[in-house]
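As the structure is a prediction and not an experimental result, all values here were calculated from the model.
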Amino acid sequence: MKTFIRSLKKLNPLNLLHNPVMFITEIGAIITTLEWFIFSQGSPLFYSQVTIWLWLTVLFANYAESSAEMRNESQAESLRRGRVETKAHIRQHDGSFQAVNAKMLKKGDVVRVAAGEVIPGDGEVIHGMASVDESAVTGESAPVIRAAGTDHSSVTAGTRLLSDEILVKISSDPGQSFLDKMINLIESAKRKKSPNEIALTILLSGLTFVFLVVVVAMEIFGKFFQANFSVTMLVALLVCLIPTTIAGLLSAIGIAGINRLMKKHVLAMSGSSVESAGDIDVILLDKTGTITVGHRRAAHFTLVPNVSEADFVRAAYLCSFQDETDEGRSIIEFLASKAIKEDVSHLRFLPFTAQTRMSGADLRGEKFRKGAKIAIEQFVGFSLPFEAAEAVKTYAGQGGTPLVVADEGRILGVLLMKDTIKTGLSSFFDRLRSMGVKTIMVTGDNAITAATIAKEAGVDEFIAEVSPEQKLEVVRKLQLEGRMVAMTGDGVNDAPALAQADVGVAMNSGTQAAKEAGNMIDLDSHPTKLFEIIEIGKQMLMTRGALTTFSVANDIAKYFAVVPAILMPFFPSIRSLNIMNLETPQSAVLSAVIFNALIIPALIPLALKGVKMIPEKAIFILRRNLSIYGIGGILIPFIGIKLLDLCIKNLGLL
């Protein structure tokens with residue numbers, strides 16, 4: 001009922017100015033209404049029925065747009081209901097914390113969030129690590145880890161802390177949070193039209209103008225040949241010839257595309273970015289956090305001859321005992337079952353630095369270190385033994401990071417830190433290739449590691465040892481070659497390339513900088529979502545193209561059905577062109593007008609759901625849609641108009 005009421009409100013001509021075809025249709029309905037009530041001569045039955053069906057044509061077009069809008073608004077309302085009023089513990093100048101309403105927070109404030117509390121605003125974790133329930137935003141029940149100083153430090157307003165305590169630096173002003181943007185974007189019916197949609201609107205307007213000139217010329221020549229056509233007859237002919245079908249469904253297709261993307265847990269910052277995804281032919285993927293899980297985990301170790309496993313485990317464990325990085329925690333988990341408990345009250349931890357390229361610990365005069373090969377060789381004062389050097393080379397060739405473990409006087413072994421590739425990527429890249437989309441992995445890692453990861457993941461190409469500036473140059477170079485580029489990433493270093501790309505997809509688990517730079521955010525933080533984004537973009541383009549083809553084909557069929565029937569009484573020689581053998585000019589026009597109105601609601605489900613997407617190249621899809629919607633668009637009106645003509649005759653409606 002709400003959808004119907006909204007459709008009635010949209011009958012205001014001012015609301016239809018954005019859709020010239022439907023605006024002309026409504027003006028035509030107003031004109032026929034006036035002729036029906038004021039100027040009609042004889043029986044008003046024909047005038048009344050044509051007028052009613054013209055108004056229904058406009059109403060059905062409004063209903064299509066309203067249906068898509070109502071879907072989005074119901075989704076936004078469910079998000080709005082899920083919001084709760086929260087308190088925030090904001091840090092004062094003296095270091096104390098004061099409880100305030102979360103709505104009072106502004107960009108730059110620092111708040112403390114404890115276990116069980118709702119995170120009051122979007123921001124970055126600047127101290128601590130915690131488990132976060134993001135189901136209110138992503139719909140996924142599995143908790144995620146957010147930690148300071150990592151690429152997984154971004155938190156979202158409305159999510160809940162499950163453990164520990166963190167300090168969060170707020171990154172958005174009131175009303176500009178991630179959840180606020182989601183709600184606004186979902187329910188925004190006044191979206192900006194994409195370039196393709198604007199071009200199609202201009203084309204439809206041009207066709208409407210051409211047919212308007214044809215109909216006016218028909219009236220002028222009719223006067224010359226003493227053929228008097230009623231205004232209602234000419235208006236009905238005009239509405240049947242202009243592309244009302246696609247014009248009535250155009251807005252619904254665009255709004256429904258954004259809605260389908262949201263159901264896939266992807267937030268699009270604009271409707272044009274969704275459509276741009278359909279034209280993508282190159283995808284750049286960051287390695288860490290996008291293709292791989294994003295943090296290295298201890299997976300294996302190799303001992304130097306004459307070194308016991310207990311000595312190696314003790315040294316590696318102590319080096320990582322107070323290491324709060326993902327790698328440090330991973331080593332503790334990996335060695336927990338092998339380590340022997342001892343007193344660490346006097347342990348002094350030395351964190352990793354870019355200068356030393358190693359971390360470690362000192363305990364009662366003993367010095368333990370773990371780090372890069374060269375750094376450890378400098379620490380002990382001699383080169384790695386053959387076995388350790390070979391292990392370093394082997395682990396690097398596997399795409400892992402070798403950490404050499406040593407005490408002050410000897411090298412103990414090599415620990416493999418391996419970043420895990422996300423599941424399902426190989427089949428995902430195969431599907432992209434079948435659509436003609438090329439995948440390129442860009443990473444700052446060395447060529448050996450990059451080659452190993454690229455082969456295992458199944459990407460087409462890789463570019464290694466790339467700086468953030470070079471990532472940006474890669475995007476620009478591909479765009480200069482005429483390619484449509486999509487970029488995925490999660491780190492601060494990915495932000496420039498994300499902003500430059502035609503479609504920049506930021507991982508929700510990543511940094512705030514990446515999310516602000518991209519024009520889409522993947523709430524599930526998985527690169528396979530790119531296929532669904534591209535698929536929905538292509539589906540949106542295909543749906544618009546298929547229904548445009550169907551609409552134009554309809555107009556061709558209606559032209560051959562209606563025009564000969566209208567001219568027969570005045571020019572009997574063209575009777576042979578009345579291939580549908582329609583009864584009378586009035587019956588032919590009324591049948592075409594009824595069909596023209598009914599086809600719009602019949603196609604609303606297809607406009608909202610979208611044409612079935614097949615992962616094939618564009619030329620195959622074009623041929624397929626032309627054969628289905630082109631030929632179907634010609635045949636269906638012939639059948640439908642003839643059946644309606646028979647019904648009008650048998651029911652005595654004229």
Side-chain angles (χ1 to χ4, degrees), residues 3-4 7 10-11 16 19-26 28-29 32 49-68 200 203-204 207-208 211 235-254 256 542-563 565 580 582 587-612 625-648 653:
T3 307
F4 178 71
S7 302
K10 287 178 178 287
L11 288 175
L16 291 174
N19 191 338
V21 177
M22 299 316 301
F23 177 76
I24 292 294
T25 303
E26 184 167 34
T32 59
Q49 291 186 84
V50 169
T51 299
I52 290 170
W53 282 105
L54 288 181
W55 280 112
L56 286 174
T57 302
V58 182
L59 190 64
F60 289 151
N62 291 344
Y63 189 86
E65 185 174 0
S66 298
S67 297
L200 182 56
L203 173 64
L204 298 181
L207 288 174
T208 301
F211 283 119
V235 168
L237 175 62
L238 173 64
V239 172
C240 289
L241 296 183
I242 63 178
T244 51
T245 304
I246 183 59
L249 299 171
L250 198 56
S251 294
I253 294 169
M542 285 171 53
T543 303
R544 188 178 294 148
L547 292 182
T548 300
T549 302
F550 185 86
S551 180
V552 172
N554 263 240
D555 296 336
I556 294 171
K558 285 181 284 186
Y559 180 86
F560 284 104
V562 178
V563 174
M580 297 173 65
L582 301 177
S587 174
V589 169
L590 183 57
S591 299
V593 169
I594 295 174
F595 177 85
N596 197 60
L598 293 178
I599 198 66
I600 294 176
L603 292 173
I604 288 177
L606 181 62
L608 297 180
K609 185 179 179 181
V611 173
K612 183 180 179 182
N625 286 345
L626 282 175
S627 62
I628 295 174
Y629 297 97
I631 297 173
I634 291 175
L635 295 179
I636 291 175
F638 277 103
I639 298 170
I641 291 172
K642 181 59 181 177
L643 290 175
L644 287 168
D645 181 67
L646 292 173
C647 290
I648 290 169
L653 297 179

task: Report the C-alpha distance between Asn554 and Ile636 in whole Å, list the side-chain angles of each, state the deciding distance to 0.1 Å, and finish with yes or no for side-chain contact (heavy atoms from CB on, under 4.5 Å).
output: CA-CA 8 Å; Asn554 263 240; Ile636 291 175; 5.7 Å; no
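- Annotation: the span from Leu54 atom CG to Leu238 atom CG amounts to 9.5 Å, rounded to 0.5 Å.
- Residues Ala236 and Val50 come closest through the heavy atom pair CB-CG1, 3.9 Å.
- The shortest heavy-atom contact between Ala553 and Gly630 is CB-O, 3.4 Å.
- A donor atom on one side chain and an acceptor atom on the other are found under 3.5 Å apart for Asn596 and Thr244.
- Between Ile242 and Asp555, the closest side-chain pair of non-hydrogen atoms is not below 4.5 Å.
- Of all heavy-atom pairs spanning Ser66 and Ser7, the tightest one is OG-OG, 3.5 Å.
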- request: Just do the side-chain contact (heavy atoms from CB on, under 4.5 Å) check on Cys240 and Val589 with the steps written out, would you?
  value: CA-CA 8 Å; Cys240 289; Val589 169; 5.7 Å; no
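- Taking CD1 of Ile648 as the reference point, atom CD of Gln49 lies at 7.0 Å (rounded to 0.5 Å).
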- request: Apply the test side-chain contact (heavy atoms from CB on, under 4.5 Å) to residues Leu59 and Leu56: give CA-CA distance (whole Å), side-chain angles for both, the deciding distance (0.1 Å), then the verdict.
  value: CA-CA 5 Å; Leu59 190 64; Leu56 286 174; 4.3 Å; yes
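- Residues Leu606 and Thr543 share a closest heavy-atom pair of O-CG2, 4.1 Å.
- Considering all non-hydrogen atoms of both residues, Ala29 and Thr51 come closest at O-CG2, 4.1 Å.
- Between atom CD1 of residue Ile641 and atom CG of residue Leu646 there is a gap of 12.0 Å, rounded to the nearest 0.5 Å.
- For CZ of Phe638, the number of neighbouring non-hydrogen atoms (other residues, nucleotides, ligands) closer than 6.0 Å is greater than 12.
- When all heavy atoms of Phe595 and Pro637 are compared, the closest pair comes out as CZ-CA, 3.5 Å.
- To the nearest 0.5 Å, atom CE of residue Met22 and atom CD1 of residue Ile24 are 11.0 Å apart.
- Distance check: Leu237 CG to Lys558 NZ gives 10.5 Å after rounding to the nearest 0.5 Å.
- With sequence neighbours left out, the side chain to side chain donor-acceptor pair (under 3.5 Å) criterion links Ser591 to no other residue.
- For Tyr63, the OH atom sits in a loose shell: 12 or fewer heavy atoms of surrounding residues, nucleotides or ligands are nearer than 6.0 Å.
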- request: Begin with the C-alpha distance, continue with both residues' side-chain angles, and end with the deciding distance and a verdict on side-chain contact (heavy atoms from CB on, under 4.5 Å) for Asn62 and Leu16.
  value: CA-CA 9 Å; Asn62 291 344; Leu16 291 174; 3.6 Å; yes
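- Remark: Phe550 CZ to Ile631 CD1 distance equals 12.5 Å, nearest 0.5 Å.
- Under the 4.5 Å side-chain criterion, counting only non-hydrogen atoms from C-beta, Asn19 is not in contact with Leu250.
- Looking at Ile246 and Pro243, their side chains come closer than 4.5 Å, going by heavy atoms from C-beta outward.
- Checking side-chain atoms of Thr548 against main-chain N and O of Arg544 turns up a donor-acceptor pair under 3.5 Å.
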